[in-house]
Amino acid sequence: LKRSHLKVRFCTNDSQKSRGELVGLLRRLGFDISEEEVTSPAPATCQILKERGLRPHLLIHEGVRSEFEEIDTSNPNCVVIADAGEGFSYQNMNKAFQVLMELENPVLISLGKGRYYKETSGLMLDVGAYMKALEYACGIKAEVVGKPSPEFFKTALQAIGVEAHQAHG
């Protein structure tokens, strides 16, 4: 693909690893790739947070926390959830619920909406199950950043300066 001189963007829904970790893994597998070529939910979410002046309460995996280093998390006016793995404790979910319930206009942003995924140890609940719990408890609808959200793919297209009708999947 790179030799073809096409503009290439790698899109992933992984919300447990930073782009740096993903790129490191792909490089070890022999791919010539840089962080700038990867579109993932966390940086796309950061862009949305900055554009809208949102300060999140983060319920995310520690592996992706570095992506949010430049984001103001004081006095949260929204909740961002990702596949937090073991971080999805009752205490952490209840704190996210409380933050949302205290807001006049609650905003819940979810880095994907997968129901489950498979690990070598078996099936694992994904972020979508927790997103749905917060939607139900708070009577709100989450904004999904990641596949299959059209906005997620628009972010990737904007990064390489291509219109949707010019792109091939």
Side-chain angles (χ1 to χ4, degrees), residues 9-22 25 35 38-159 164 169:
R9 194 78 180 176
F10 299 88
C11 297
T12 178
N13 241 24
D14 194 313
S15 63
Q16 285 194 349
K17 295 180 186 73
S18 68
R19 283 175 300 166
E21 287 180 278
L22 290 168
L25 173 64
E35 282 189 41
V38 176
T39 296
S40 64
T45 299
C46 289
Q47 183 177 333
I48 291 167
L49 295 170
K50 289 176 183 175
E51 287 171 1
R52 292 169 52 186
L54 294 172
R55 299 173 311 278
H57 169 78
L58 297 171
L59 180 46
I60 61 176
H61 195 276
E62 286 304 311
V64 78
R65 192 164 296 277
S66 64
E67 297 279 13
F68 291 89
E69 283 177 349
E70 296 180 17
I71 297 297
D72 181 3
T73 58
S74 63
N75 191 24
N77 59 2
C78 72
V79 168
V80 170
I81 63 170
D83 182 7
E86 297 295 323
F88 280 132
S89 66
Y90 175 80
Q91 181 179 356
N92 291 343
M93 281 292 290
N94 200 55
K95 177 60 180 169
F97 162 75
Q98 290 170 339
V99 169
L100 289 167
M101 292 300 284
E102 290 170 5
L103 296 172
E104 188 175 332
N105 296 305
V107 175
L108 172 61
I109 299 175
S110 181
L111 278 65
K113 65 175 188 178
R115 296 183 298 154
Y116 60 87
Y117 57 94
K118 186 170 181 151
E119 290 281 348
T120 53
S121 60
L123 296 179
M124 311 293 279
L125 281 175
D126 202 351
V127 66
Y130 299 96
M131 175 194 83
K132 288 293 184 184
L134 289 172
E135 284 182 330
Y136 176 71
C138 300
I140 60 174
K141 186 82 174 143
E143 299 175 34
V144 177
V145 180
K147 300 173 190 175
S149 166
E151 294 303 316
F152 180 68
F153 292 103
K154 286 178 188 172
T155 301
L157 293 172
Q158 287 172 349

- prompt: Do side-chain atoms of Glu67 reach the backbone of Pro43 as a donor and acceptor pair under 3.5 angstrom?
  reply: no
task: Decide if atom OH of Tyr117 counts as having more than 12 heavy atoms of other residues, nucleotides or ligands within a radius under 6.0 Å.
output: yes
query: Quick one: are Leu49 and Ile109 in side-chain contact, heavy atoms under 4.5 Å?
result: yes
- prompt: At what distance, to the nearest 0.5 angstrom, does NZ of Lys17 lie from CD of Glu62?
  reply: 14.5 Å
message: Taking the side chain as everything from C-beta on, heavy atoms only, tell me whether Glu70 gets closer than 4.5 Å to Lys50.
response: yes
message: Take a 6.0 Å sphere around CZ of Arg65 and say whether it holds more than 12 heavy atoms from other residues, nucleotides or ligands.
response: yes
task: For the residue pair Val107 and Asn77, establish whether any side-chain heavy-atom pair is separated by less than 4.5 Å.
output: no
field: side-chain hydrogen bond (donor to acceptor under 3.5 Å, both in side chains) pairs, two or more places apart, involving residues 93-113
entry: none
query: Under 3.5 Å, side chain of Asn92 to main-chain N/O of Gly87, donor-acceptor pair present?
result: yes
message: Under a 3.5 Å distance rule, please check whether Arg55 uses its side chain to pair with a backbone N or O of Asp72 as donor and acceptor.
response: no
message: Do Met101 and Pro106 have side chains that approach each other closer than 4.5 Å (heavy atoms only, starting at C-beta)?
response: no
query: Are side-chain heavy atoms of Val80 and Phe68 found at a separation under 4.5 Å?
result: yes
Within 6.0 angstrom of Glu51 CD, more than 12 heavy atoms from elsewhere: yes
field: Single hit among Val99, Val144, Leu100 for side chain to side chain contact (heavy atoms under 4.5 Å, CB included) with Leu108
entry: Leu100
